[in-house]
Amino acid sequence: MRVLIVTRLYPNARDPSFSPFNRQQFAALARRCDVSVVASIPWFPGARLFARWSAAGRLVGVPREERIDGLPVVHPRYLYVPRVHGAAGALYAASLAREVLRRRGRHDVVLGSWAFPDGVGAVALARLLGVPAVIKVHGSDMNVLARTPAIARNLRWALPRARRVVAVSRPLGDVVASFGVPRDRIDVVPNGVDAELFRPRDRAAARAELGHAGDARRWLLYVGRLREDKGVLDLLEAFGRLAERRADVRLALVGDGEARAACERAAGRLGDRVLVAGQRPLEEVPRWMAACDALVLPSWAEGTPNVVLEALACGRRAVATRVGGTPDLIVAPELGELVPPREPALLADALARAADTPYDPAAVARAGARGGWSESAAHLEGSLRAALA
């Protein structure tokens, strides 16, 4: 089976740590199928001048072609007009049409990863090739973006026209069904975890490797994009409340994004009690997880957050918001605690409990175990083959 993947969510030379879940799943899929990736890059005239504010400007220098984990990846540019939601799917498809039409006869199915505009564009592009389309949805694309009326109209057109829709969690599949997709065409395919990378390790040794030997404080860790809808500002407020009551806690933030300046201001007020580590390579993230006492994910919306799966695989409990598929991961007190989103006071209390709760990392890893990327890719392959049937 020859699979053409169309997505904006893929690493590149300028941002090699972007969307590691797609990178890992599609690399595993490529061991089962013939996979090519069209990883599009947003563009608009003069984008380079706006590099400080726009991803389109920061990604101007991405090469047209790369090989990532052995996969051929091309990076065509698509016309991105900020805040013009109604036409974004059509602009996306039109921008990629030339690249895709060159591939006529070389692919059996098109997979659009991320509902909008990628999934919408994938349906249109698959029609140009005369092959079926499959859309993979992740979380915020359905739980947040789809609340915008113009985007919702696009999705009501595209999702029922996809031969299959792949959701990373059961609650996300329910959202897909509300857009008119028959239940028998929705497949729940959870993401996987790289068990070689994410496994229990010694906490003190991990801190020493990161240059923090001898730090005996309780570490709380956030890993992800530094954005308001990821709850990082709520986390900073909650940690500030906690820091007023006790001095034996530390918050580490691994990632980058538009809220980084706010995070660094908090670090300025609290000194080394807030550590802004910035974006780190995927291979280094397990070290940060091993170094912490608990992971924190205060998102306003999620699909199935891989960072929670990875923390559990590392034997670390998690404090997370009760959104999306997260409750399907933290199913027992030994794995962590769930709190409502956008409630910094309740989050602060949960952080205090997380800092004080003793636990056995090996038991957490066993109880939180999920399948690997090979298993996840096998299920995805099944959905793609069902689209061809």
Side-chain angles (χ1 to χ4, degrees), residues 17 19-21 138-141 143-144 168-169 171-172 190-193 198 218-239 242 249-257 259-260 262-263 266 274-277 279-280 282 285-286 288-355 357 359 364-365 367-368 370:
S17 299
S19 300
F21 45 87
H138 295 257
S140 297
D141 47 354
N143 293 326
V144 178
V168 298
S169 70
L172 197 57
N191 285 337
V193 175
F198 297 95
R218 300 289 186 176
W219 280 31
L220 303 166
L221 173 70
Y222 172 86
V223 179
R225 303 297 289 181
L226 302 182
R227 295 198 322 242
E228 183 181 16
D229 63 345
K230 283 294 185 180
V232 291
L233 302 184
D234 300 333
L235 174 57
L236 290 169
E237 181 180 342
F239 183 77
L242 180 61
V249 290
R250 188 182 203 190
L251 174 63
L253 304 169
V254 174
D256 206 350
R260 179 165 180 169
C263 298
V274 175
L275 169 62
V276 183
Q279 189 72 46
R280 311 308 303 162
L282 176 65
V285 171
W288 287 93
M289 290 186 171
C292 80
D293 292 272
L295 177 92
V296 189
L297 184 66
S299 304
W300 297 353
E302 282 291 347
T304 296
N306 242 59
V307 69
V308 172
L309 289 172
E310 291 161 352
L312 297 178
C314 289
R316 299 297 182 258
R317 297 176 77 245
V319 175
T321 42
R322 191 178 290 106
V323 296
T326 307
D328 290 346
L329 306 181
I330 303 176
V331 295
E334 65 185 301
L335 300 179
E337 183 175 348
L338 295 169
V339 297
R342 309 194 199 197
E343 293 283 356
L346 297 179
L347 180 58
D349 293 339
L351 296 181
R353 289 188 291 272
T357 300
Y359 61 91
V364 170
R370 295 293 191 277

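Note that the structure is predicted; figures quoted are calculated from it, not measured.
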Handout entry: Leu253 side chain reached by Leu236 side chain, heavy atoms, under 4.5 Å
Key = yes
Practice task
Enter the distance from Glu228:CD to Arg342:CZ here, rounded to the nearest 0.5 Å.
Solution key: 7.5 Å
Exercise for the section: List the atom of Pro305, the atom of Leu329, and the distance in Å for their closest heavy-atom pair. Expected result: O-CD1, 3.8 Å
Practice task
Return the minimal non-hydrogen interatomic distance between Tyr359 and Val364, and the atom names on each side.
Solution key: CD1-CG2, 3.7 Å
Fill in the blank from the handout: Heavy-atom nearest pair, Ala350 first then Val319, reads CB-CG1, 3.9 Å
Practice task
Check the pair Glu310 / Arg316 against side-chain contact (heavy atoms from CB on, under 4.5 Å), numbers first and verdict last.
Solution key: CA-CA 9 Å; Glu310 291 161 352; Arg316 299 297 182 258; over 6 Å; no
Problem - Separation between CG of Asn306 and CG of Leu297, rounded to the nearest 0.5 Å - result: 11.0 Å
Practice task
Locate the shortest heavy-atom distance separating Ala313 from Val193; write the atom from each residue and the value.
Solution key: CB-CG1, 3.8 Å
Problem - Non-hydrogen atoms of Val254 and Arg280 that approach each other most closely - result: CG1-CG, 3.6 Å
Problem - Separation of Leu251 CG from Leu242 CG (nearest 0.5 Å) - result: 9.5 Å
Practice task
I would like to know whether Phe198 and Leu312 meet side-chain contact (heavy atoms from CB on, under 4.5 Å); could you show each step before the answer?
Solution key: CA-CA 9 Å; Phe198 297 95; Leu312 297 178; over 6 Å; no
Problem - Steps toward side-chain contact (heavy atoms from CB on, under 4.5 Å) verdict (Phe239, Val249) - result: CA-CA 9 Å; Phe239 183 77; Val249 290; 3.7 Å; yes
Completion exercise
Scanning both residues in full, the closest heavy-atom pair of Leu172 with Gly303 reads CD2-CA, 4.5 Å
Exercise for the section: Given side-chain contact (heavy atoms from CB on, under 4.5 Å), test Cys263 with Val274 step by step and report yes or no. Expected result: CA-CA 8 Å; Cys263 298; Val274 175; 5.8 Å; no
Fill in the blank from the handout: Rounded to the nearest 0.5 Å, the CH2 atom of Trp219 sits from the CG atom of Leu275 at a distance of 6.0 Å
Practice task
Give a yes or no on whether the backbone of Val168 and the side-chain of Thr304 come within a donor-acceptor separation of less than 3.5 Å.
Solution key: yes
Fill in the blank from the handout: One should read off an interatomic distance between Leu351 CG and Asp293 CG, to the nearest 0.5 angstrom, of 12.0 Å
Problem - Residues Lys230, Glu302: salt bridge by 4.0 Å N-O rule - result: yes
Handout entry: Student check: side-chain heavy atoms of Thr321 and Thr326 closer than 4.5 Å
Key = no
Problem - Arg317 (side chain) donor-acceptor with Pro333 (main chain) under 3.5 angstrom - result: yes
Practice task
Determine the sole option in Asn143, Asp234, Asp229 for which the side chain to side chain donor-acceptor pair (under 3.5 Å) test with Trp300 is passed.
Solution key: Asp234
Practice task
Would you give the length of the straight line joining atom OG of Ser299 to atom CZ of Arg225, rounded to the nearest 0.5 angstrom?
Solution key: 13.0 Å
Problem - Any side-chain heavy-atom pair of Asp349 and Arg353 under 4.5 Å - result: yes
